[in-house]
Structures are given as C-alpha cells and as structure tokens.
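Predicted, not measured: the structure shown is a model, and the values here were computed from it.
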Amino acid sequence: MSASPYQQFQDNLAYAEELIEAAHYIREDLSRDLYRAAWVQAVSALDHWVHQEVYERAVAIAMNTTAPRPAQLEKLPIPWMFMERTRHSGEPLAVVFREALESQLDRRTFQNQEDIGSAFQLVLAGTSAGVMWGRVAQDLGKTKEQVKQRHAEVLKRRNQISHSSDVDPATGKRRPVTREQATDAVKWIKDLARALSVAIRGVS
C-alpha cells in the first residue's frame with residue numbers, strides 16, 4: 001500500500017530536517033547552503049502534500065455518488081479526451097479522473113495561503129477557506145492575521161533563495177541565514193500542515 005499524502009509530507013519534511021542536521025559536519029559557509037536547501041525543501045513538501053491531498057480527496061468524491069459535490073470541483077474543466085478514454089477504452093474512472101485533475105493542477109503551486117485555500121475548496125463542500133483558516137489559526141494558537149503574516153515571511157525568504165540565490169541586491173551578497181532561522185521555518189511548515197490536516201478533516 002502506498003503512503004498517504006500526509007505520510008509523504010512527513011517523509012519529505014524529515015529530509016529537510018536532516019539537511020539542517022547535516023550542516024553540523026561541514027564548514028560554516030557550506031552549512032548555510034544546507035539551511036537554504038532545507039527551507040526550500042520544506043515549502044516544496046507542503047506544496048506536494050496539498051496537491052496529493054486534493055487529488056486523493058477529489059477522486060474519492062467522484063467515486064462516491066452520494067458525496068456532496070464541492071462547487072469549485074464541479075466547475076473545474078475536464079478535457080474531453082479524458083472522458084473519451086472512459087467510454088472507449090474502459091479505463092477505470094478513478095484513474096482517468098485523477099489524470100484529468102493532474103493535467104489541470106500540476107502546473108499550479110499551492111504554497112501561499114490564498115492558493116492553498118483555493119486548492120482545498122475543490123474538495124470541501126459547503127465550507128469556505130476562511131472557516132478552514134480559522135480552524136488552523138485556533139489550532140496554532142494564533143489569529144488568522146498572525147498565521148498569514150508568519151507564512152508570508154517564510155515564503156518570502158523561500159522565494160529569495162529559489163529565485164535570486166538569496167542575494168541581497170543592496171549588497172550583492174547572500175543574505176545571512178542561521179540554523180535557528182532554518183529550524184524555525186521548517187517547524188512552521190510542519191505545524192501548519194498538521195493544523196491544515198486536522199482542519200480539513202473537521203470540515204470535509
């Protein structure tokens with residue numbers, strides 16, 4: 001049996017934590033690159049988890065004729081070629097529908113708060129993203145605004161690392177990064193995904 005989407009997330013996040021630990025054993029300038037790599041890995045793990053969670057839940061909804069259909073899932077365009085496959089080749093609906101979803105969503109990123117909310121709206125019937133984020137904030141002991149601000153901070157630094165090699169344009173040098181900063185960022189992603197996992201179970 002394959003691992004659940006959340007177990008895959010935990011495995012991917014563990015790799016980020018291992019990168020931070022590995023930094024102990026190399027010289028300081030190189031260790032900072034491992035901290036940056038861990039930061040990017042953690043956000044990628046979150047993105048991958050959201051994709052896989054949505055695919056799994058959407059397929060389950062499609063295969064359950066009595067399950068409520070989320071409005072956003074009903075509006076998602078499905079290319080006709082996928083419907084033709086179920087008619088002419090007899091391929092299982094679950095397989096074809098998942099591939100259809102992947103064709104529509106694989107190129108999208110689900111990293112920031114708005115995009116994550118939009119993703120889960122595909123599989124949460126009758127519940128707004130605001131309700132979901134309210135549950136997340138409560139779980140984390142923060143306000144929704146505090147969650148939004150902290151997550152934006154983590155993503156901003158991730159984007160600086162990924163898109164500009166973490167170089168500060170004012171100095172032409174890489175921004176400093178510490179073990180503590182990387183550890184806090186990875187922990188934030190870990191806690192956020194756990195709270196999201198609990199929230200979507202509570203409102204689905």
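Residue L76 is grouped with residue M81 when hydrophobic side chains (ILVMFWY) are merged at heavy-atom distances under 4.5 angstrom, including chains of intermediate members. Placement of V95 and F97 in two distinct hydrophobic clusters is found when ILVMFWY residues are connected by side-chain heavy-atom separations under 4.5 Å, directly or transitively. Hydrophobic clustering, with ILVMFWY side chains joined whenever heavy atoms are under 4.5 angstrom apart, keeps W39 apart from L19. In the hydrophobic cluster analysis, where Ile, Leu, Val, Met, Phe, Trp and Tyr join through side-chain heavy atoms closer than 4.5 angstrom, V43 is grouped apart from Y15. Hydrophobic clustering places L124 together with M63 (ILVMFWY residues linked when any side-chain heavy atoms are closer than 4.5 Å, directly or through intermediates).
Classification of the W49-Y6 ring pair by plane angle, with boundaries at 30° and 60°, yields perpendicular.
Separating the OG atom in S4 from the CD atom in Q10 is a distance of 7.0 Å, to the nearest 0.5 Å. Distance CG/N112 to NZ/K156: 15.0 Å, rounded to 0.5 Å. In this structure, CG on L34 lies 11.0 Å from CD on E21, to the nearest 0.5 angstrom. Residue R135 holds its CZ atom at 11.5 Å from CZ of R201, rounded to the nearest 0.5 Å. Taking CG of L140 as the start and NE2 of H151 as the end, the distance is 11.5 Å to the nearest 0.5 Å. The distance from the CG atom of L93 to the CD atom of E91 is 11.0 Å, given to the nearest 0.5 Å.
The existence of a salt bridge linking E153 and R150 is confirmed by a sub-4.0 Å separation between a basic side-chain nitrogen and an acidic carboxylate oxygen. A salt bridge does not link D184 to K187: none of the charged side-chain nitrogens sits closer than 4.0 Å to a carboxylate oxygen.
By the 6.0 Å contact criterion, CD on E28 is open, its count of non-hydrogen atoms from other residues, nucleotides or ligands being 12 or less. For Q146, the CD atom sits in a packed shell: over 12 heavy atoms of surrounding residues, nucleotides or ligands are nearer than 6.0 Å.
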For this session: Give the C-alpha distance, both sets of side-chain angles, the deciding distance and a yes or no for side-chain contact (heavy atoms from CB on, under 4.5 Å) between H24 and S31.
Result: CA-CA 7 Å; H24 272 310; S31 70; over 6 Å; no

Exercise. When you look at K142 and K148, which way does the side-chain contact (heavy atoms from CB on, under 4.5 Å) test go after all the steps?
Worked result: CA-CA 10 Å; K142 298 180 180 293; K148 181 179 181 179; over 6 Å; no

For this session: List the steps and the verdict of salt bridge (Lys or Arg N to Asp or Glu O under 4.0 Å) for E56 and R98.
Result: CA-CA 8 Å; E56 187 170 284; R98 182 180 177 110; 5.6 Å; no

For this session: For side-chain contact (heavy atoms from CB on, under 4.5 Å), just list the numbers for D166 and R32, CA-CA rounded to whole Å, side-chain angles, deciding distance to a tenth of an Å, and then say yes or no.
Result: CA-CA 11 Å; D166 209 19; R32 289 192 288 270; over 6 Å; no

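Here the side chain of T171 pairs a donor or acceptor atom with the backbone of K173 at under 3.5 angstrom. Between the side chain of T183 and the backbone N or O of E180 there is no donor-acceptor pair closer than 3.5 Å. Judged by distance alone, the side chain of S197 and the main-chain N or O of A193 form no donor-acceptor pair under 3.5 Å. In this structure, the side chain of Q8 engages the main chain of A3 through a donor-acceptor pair within 3.5 Å. Using modelled atom types, no side-chain atom of Q104 and backbone atom of L101 make a donor-acceptor pair closer than 3.5 Å. Here the side chain of R69 pairs a donor or acceptor atom with the backbone of I61 at under 3.5 angstrom. D115 places no side-chain N or O within donor-acceptor distance of the main-chain N or O of Q111, the cut-off being under 3.5 Å. Remark: side-chain polar atoms of Q160 are not paired, donor with acceptor, to backbone N or O of S165 under 3.5 angstrom. With R175 contributing its side chain and V167 its backbone, the two residues share a donor-acceptor pair below 3.5 Å.
Taking each heavy atom of P176 and Q181 in turn, the nearest pair found is O-OE1, 3.8 Å. For the residue pair P5 and E53, the shortest heavy atom distance occurs at CB-OE1, 3.6 Å. The minimum heavy-atom distance between V136 and A199, with the atom names listed, is CG2-CB, 3.9 Å. V177 and Y35 get closest at one heavy-atom pair: O-CD1, 4.0 Å. V50 and A119 get closest at one heavy-atom pair: CG1-CB, 3.6 Å. Here the closest non-hydrogen pair linking I189 and F9 is O-CZ, 3.8 Å.
In this structure, the ring of H51 has its center less than 6.0 angstrom from the ring center of F110.
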